[in-house]
Visitor: 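Have a look at this one before I ask anything.
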There are 2 protein chains.
Amino acid sequence: MDDADNEAARQRVLEAADRLFYAHGIRAVGMDRIRDASGVSLKRLYRCFASKDELVEAYLRRRDRWVRGELADFVAKEATGLPRERVLAVFDWLEWWFGEPDFRGCPFTNAFNEVGADSARAAAAVRDHQLAVSAYLRGLIAATGAADPDAVTNRCLVLYAGSLMFATISGTTSPAKYARETAAAILPPESGSR
Amino acid sequence: MDDADNEAARQRVLEAADRLFYAHGIRAVGMDRIRDASGVSLKRLYRCFASKDELVEAYLRRRDRWVRGELADFVAKEATGLPRERVLAVFDWLEWWFGEPDFRGCPFTNAFNEVGADSARAAAAVRDHQLAVSAYLRGLIAATGAADPDAVTNRCLVLYAGSLMFATISGTTSPAKYARETAAAILPPESGSR
DNA sequence: TAATGTCGAGAACGGTCGTTCTCAAGCGGC
DNA sequence: GCCGCTTGAGAACGACCGTTCTCGACATTA
């Protein structure tokens, strides 16, 4: 059946695009290279994704699922039940991510810088990711009983983005530690013994 | 004299490149467009800068001088003499910068994302800027009498980079405020009355 | 087997961009 | 006035890239 074949091709294309776009940048990777890496002919490729723009958007939405999935799993597994520890675990996860051998910075800001001005689809995918992470963080922070959860969330988002950027430029994982230390200073203390 | 003409042409090219590269990105601006905007012929342009790479590096070094000059002037003028206020003034300056109509994100991380992998010159210019800002900040922080100036500097760098990135994506100036509030929480309190 | 349709491989097209080349105009020195 | 040099304007070149097209191979159906 065509549908099954197309779905399999779609997945192979997405996997190749994900790896290549993230490693080398979107503009640097042509459709030919994605064809070579995925083994899917250009004709089929353009039937799965009508344009490179669509493929870029699909790549970003896939990355979004990956980042938020990994982050949530990590927080659920590593953190103790204390709300404060769960927020700090976000920065532990970042430190793990920065140390991955194929870490090449934030896929979303990279994409935004590269094609955000030309591709409304890509820009929307980036914005959606940012909003989703923001909402997730806001949920963790509300549980800590912070007096002004929105303010604390915004400050933690600055720390999140800053550690990402700093780690990218410096090539080290320590910015996650700096961000974690700073977050510890602005979160309410463990709410006594409960 | 040739030298004077070439120097004048060099300046006009740099001004045009600065405006266009920053506004539209490096890859999006071709040499033709810089010729049109500067009024300097391609031939002369390539005598001033042997390649686009060299022009990009010169653009980044010029931006570096601008950013650090503006920042230092602002801190010198706006801040009271108190060391703590001088560090916080860095984030006030960022807030001013984010509000400028032509603010389009950090020129250095933008350039790094666009051409850092292909241009060693550009990558070096970005690294130099980062080190220079780091050293400047470290000087301000040492004066506050912080117990561990290096640690505080690294945390403030995370805040600096994070507010830049957050402001770029959100299109607002408030991330500078979030960063300032957070910095206020991790700097030592005003060292009593002196 | 013959007709029909589908597919993959790669050529082709149109566009862009960095860089170099052509050519005619202008200018200084004899 | 004439020669040689330099200049600017724009054409030209080569490379790349997103997208579409061609064409031969193969499969399906009757």
Side-chain angles (χ1 to χ4, degrees), chain A residues 1-14 16-60 111 114-122, chain B residues 1-14 16-60 110-111 113-122:
Chain A
M1 287 281 110
D2 273 346
D3 288 354
D5 281 4
N6 279 338
E7 190 49 38
R10 206 185 146 87
Q11 286 312 314
R12 270 187 300 156
V13 168
L14 261 179
D18 183 90
R19 190 162 35 84
L20 293 172
F21 282 160
Y22 184 57
H24 308 292
I26 291 169
R27 292 209 127 98
V29 173
M31 299 298 262
D32 305 21
R33 220 158 139 198
I34 292 175
R35 173 199 51 188
D36 293 346
S38 66
V40 173
S41 76
L42 278 182
K43 202 170 195 173
R44 220 183 168 78
L45 205 161
Y46 272 96
R47 216 173 311 127
C48 293
F49 302 94
S51 66
K52 190 179 184 181
D53 233 39
E54 273 195 34
L55 179 55
V56 170
E57 187 192 2
Y59 149 66
L60 290 172
E114 270 196 296
V115 301
D118 298 327
S119 164
R121 313 180 75 114
Chain B
M1 285 280 110
D2 272 346
D3 289 354
D5 280 4
N6 278 339
E7 191 48 39
R10 206 186 145 87
Q11 285 313 313
R12 269 186 301 155
V13 168
L14 260 180
D18 182 89
R19 189 163 35 85
L20 292 172
F21 282 160
Y22 184 57
H24 308 293
I26 290 169
R27 293 208 127 99
V29 173
M31 299 297 262
D32 305 21
R33 218 159 141 197
I34 292 175
R35 174 200 53 189
D36 293 347
S38 67
V40 172
S41 77
L42 276 182
K43 202 170 197 172
R44 218 181 171 80
L45 206 162
Y46 272 96
R47 216 172 312 125
C48 293
F49 302 94
S51 66
K52 191 180 183 180
D53 233 39
E54 273 195 35
L55 179 55
V56 169
E57 186 192 2
Y59 150 65
L60 289 172
N110 288 354
N113 276 330
E114 269 197 296
V115 301
D118 298 327
S119 165
R121 314 180 75 114

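Below, chains carry the letters A, B, ... as their sequence lines are ordered, and counting in each starts from 1.
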Visitor: Report the residues that fulfil side chain to side chain donor-acceptor pair (under 3.5 Å) with B:E57, sequence neighbours left out, ordered by chain and then residue number.
Guide: B:R61, B:R121
Visitor: Specify the closest pair of heavy atoms between A:I26 and A:E114, including all atoms of both residues, with the distance to one decimal.
Guide: N-OE1, 2.7 Å
Visitor: Between A:R33 (CZ) and D:dC16 (P), how many Å, whole number?
Guide: 12 Å
Visitor: Identify the two heavy atoms, one from A:R44 and one from A:A9, that lie closest to each other, and give their separation to 0.1 Å.
Guide: NE-CB, 3.8 Å
Visitor: Mind calculating the distance between CG (A:D53) and P (D:dG18) to the nearest angstrom?
Guide: 11 Å
Visitor: By the ring pair (Phe, Tyr, Trp, His ring centres under 6.0 Å) test, which pairs, at least two apart or in different chains, include something from residues 21-51 of chain B?
Guide: B:F21-B:Y59
Visitor: Nucleotides 8-14 of chain C: which of its N/O atoms have a protein N/O under 3.5 Å away?
Guide:
residue	atom	partner	partner atom	Å
C:dG8	OP1	A:R44	NH1	3.4
C:dG8	OP2	A:S41	OG	3.3
C:dG8	O6	A:K43	NZ	3.0

Visitor: How would you list, by chain and number, every residue that makes a side chain to side chain donor-acceptor pair (under 3.5 Å) with A:E54, sequence neighbours excluded?
Guide: none
Visitor: For residues 17-41 of chain B, which residue pairs qualify under salt bridge (charged side-chain N to carboxylate O under 4.0 Å, His left out), counting only residues two or more places apart or in two chains?
Guide: B:D18-B:R62, B:D18-B:R63, B:R27-B:D118
Visitor: What parts of residues 16-26 of chain B reach DNA chain C, counting only heavy atoms under 4.0 Å away?
Guide: none
Visitor: From OH of B:Y46 over to P of D:dG10, roughly how many Å is that when rounded to an integer?
Guide: 17 Å
Visitor: Over how many whole Å does the gap from B:M31 atom CE to D:dG10 atom P extend?
Guide: 17 Å
Visitor: Whole Å only: how far is the CD atom of A:E114 from the P atom of D:dG18?
Guide: 11 Å
Visitor: Sequence neighbours left out, what passes side chain to side chain donor-acceptor pair (under 3.5 Å) with A:D53? Give chain and number order.
Guide: A:S119
Visitor: Measure the distance from CD1 on B:I34 to P on C:dG18 and round it to the nearest whole Å.
Guide: 8 Å
Visitor: Could you check how far CG of B:L55 sits from P of C:dT19, rounded to whole Å?
Guide: 10 Å
Visitor: Please give me the minimum heavy-atom distance between B:V115 and B:A122, naming the atom from each residue.
Guide: CG2-CB, 4.0 Å
Visitor: For the CG atom of B:L45 and the CZ atom of B:R47, what is their distance to the nearest 0.5 Å?
Guide: 10.5 Å
Visitor: To the nearest Å, give me how far apart CZ (B:F49) and P (C:dT19) are.
Guide: 13 Å
